[in-house]
Amino acid sequence: MSIPLDLARTLATVVEEGTLDAAARRLHVSPSAVSQRIRALEDQLGRVLLVRSKPVRATEAGDAVVRLARQLALLEHDALAAIGAEGGAVASLPLAVNADSLATWFLPPLARVAARREVVFDLHRDDQDFTAGLLESGTVMAAVTSREAPVAGCRVSRLGILRYEAVATAAFAARWFARGADAKALEDAPLVDFDRRDDLQTRWLMRRGVSAAAPPRHRVPASQDFATAIELGLGWGLLPGFQSERGLADGSLVRLAADPVDVPLFWQRWNLTSPLLDEVADEVVDEGRRRLAA
């Protein structure tokens, strides 16, 4: 049994675009032609590859085919570049990154690669505890993740530690923590979460025996806006040093305690010989090791 590569690429395009109609426009064919290609691939492999929801999503078998299609596209681009025959073709690299890295240190290394290479980056933002799942599904080729154990078919490089400190404005601390950030005060004081999957504040509270259900919670799902909410006194929260250092220096922010939460970060990438993917990895790992705590 073999996988027809043109049909595999069609499946990858459908998954990337989210609908058959959008994939048809990108491929310059009719939606019915796209549907027929997917059905032919499923018939040949004897597997359901695509769940026709809105947006569509690949099955576990479909993920494997999409991953193959993306690997081949990358290898083809590298081969054409090596012989000087890429003809202006632009490679697309899907990468996953957590919001705080994206907002602070992650973009400069990508900009350096883009200045030298014909490449565009398709960034997927997710919590660092979940980005490895995007590698497993084949959605991305590399990811910033808190997972040290390598995803199947990937290699791992340590980046460093993103250190978070519990901070609030001086005025907020004076109102809610006049006698210190003890358990009773932490049960009553509003805090800011990034979203419902953000457990940093909860982990910090649990160290102090505070029920996660007790404090009122704001949710602000954008890294810079999350920091702004804390700086405006909406609540307390854990900020990475990149975002809190200026406020701590000028006194507009204060630490609630001296114990930070350290989140180790790793760069996981497909274990694939690719000069382009190697170049991205070199830049990202070098930047991470310079900017993050050892």
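Please read all numbers here as calculations on a predicted model, not as lab measurements.
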Neighbour count >12 (heavy atoms, 6.0 Å) for atom CZ, R203
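Atom CZ in R203 is crowded, with more than 12 foreign heavy atoms closer than 6.0 Å.
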Considering residues, nucleotides and ligands other than R290, do more than 12 of their heavy atoms fall under 6.0 Å from its CZ?
yes
In Å and rounded to the nearest 0.5 Å, what is the [atom1] to [atom2] distance from [X] to [Y]?
| X | Y | atom1 | atom2 | value |
| --- | --- | --- | --- | --- |
| L50 | L41 | CG | CG | 10.0 Å |
| R9 | I3 | CZ | CD1 | 12.5 Å |
| T145 | L265 | OG1 | CG | 8.0 Å |
| L292 | R158 | CG | CZ | 10.0 Å |
| F106 | L123 | CZ | CG | 6.0 Å |
| R175 | T169 | CZ | OG1 | 10.0 Å |

Given the rule that I, L, V, M, F, W and Y join up when any side-chain heavy atoms are under 4.5 Å apart, are [X] and [Y] in one cluster?
| X | Y | value |
| --- | --- | --- |
| L248 | V192 | yes |
| V65 | L74 | no |
| V263 | L134 | yes |

Between [X] and [Y], is there a side-chain N and carboxylate O pair less than 4.0 Å apart?
| X | Y | answer |
| --- | --- | --- |
| D259 | R208 | yes |
| R116 | E279 | yes |
| D6 | R37 | no |

Using a 4.5 Å cut-off between side-chain heavy atoms of Ile, Leu, Val, Met, Phe, Trp and Tyr, which other residues end up in the same hydrophobic cluster as V156?
F266
Mind checking what makes side chain to side chain donor-acceptor pair (under 3.5 Å) contact with [X], not counting sequence neighbours?
| X | result |
| --- | --- |
| Q268 | none |
| R255 | E165 |
| D129 | S146 |
| E231 | none |

Looking only at heavy atoms, which two atoms of A166 and L238 are closest? And how far apart?
N-CD2, 3.6 Å
Sequence neighbours left out, what pairs pass salt bridge (Lys or Arg N to Asp or Glu O under 4.0 Å) with at least one residue falling in [range]?
| range | result |
| --- | --- |
| residues 209-229 | D193-R217 |
| residues 13-22 | E16-R26, E16-R70, E17-R26 |
| residues 177-192 | K184-D188 |

Side chains of [X] and [Y] in contact at under 4.5 Å (non-hydrogen atoms):
| X | Y | result |
| --- | --- | --- |
| E287 | R112 | yes |
| P215 | L205 | yes |
| V56 | T19 | no |

Looking at R155, is its backbone amide N or carbonyl O close enough to the side chain of W267 to form a donor-acceptor pair, meaning the two atoms are under 3.5 Å apart?
no
Under the side chain to side chain contact (heavy atoms under 4.5 Å, CB included) rule, what do L110 and V284 come out as? Steps first, then yes or no, please.
CA-CA 7 Å; L110 302 190; V284 168; 4.2 Å; yes
Given the rule in the side chain to side chain contact (heavy atoms under 4.5 Å, CB included) test, do Q44 and S2 qualify, once you have shown the distances and angles that lead to the verdict?
CA-CA 9 Å; Q44 181 159 338; S2 62; 4.3 Å; yes
Using distance alone, with no hydrogens and no angle criterion, decide if D126 and T131 have a side-chain donor and acceptor under 3.5 Å apart.
no
Please list all pairs meeting ring pair (Phe, Tyr, Trp, His ring centres under 6.0 Å) that have one or both residues in residues 184-210, counting only residues at least two apart or in different chains.
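Counting only pairs at least two positions apart or across chains, the ring pair (Phe, Tyr, Trp, His ring centres under 6.0 Å) contacts touching residues 184-210 are W204-W236.
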Let's go through L159 and R289 carefully: what are the C-alpha distance in whole Å and the side-chain angles of both, what is the deciding distance for side chain to side chain contact (heavy atoms under 4.5 Å, CB included) to 0.1 Å, and is it a yes or a no?
CA-CA 5 Å; L159 293 169; R289 290 176 178 175; 5.5 Å; no
Side chain to side chain contact (heavy atoms under 4.5 Å, CB included) evaluation trace for V119 with L276
CA-CA 9 Å; V119 59; L276 179 56; 4.2 Å; yes
Using a 3.5 Å cut-off and no angle test, enumerate the donor-acceptor pairs between side-chain atoms of residues 94-103 and protein atoms at least two apart in sequence or in another chain.
residue : atom : partner : partner atom : Å
N98     : OD1  : S101    : OG           : 2.8
N98     : ND2  : S101    : OG           : 3.3
N98     : ND2  : Q128    : OE1          : 3.4
D100    : OD1  : S223    : OG           : 2.7
D100    : OD2  : Y164    : OH           : 2.7
S101    : OG   : W105    : NE1          : 3.0

Test: side-chain hydrogen bond (donor to acceptor under 3.5 Å, both in side chains). Region: residues 47-68. Which pairs qualify, not counting sequence neighbours?
none
Can you list the residues that meet the side chain to side chain contact (heavy atoms under 4.5 Å, CB included) rule with V254, with sequence neighbours excluded?
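V254 satisfies side chain to side chain contact (heavy atoms under 4.5 Å, CB included) with A170, A173 only.
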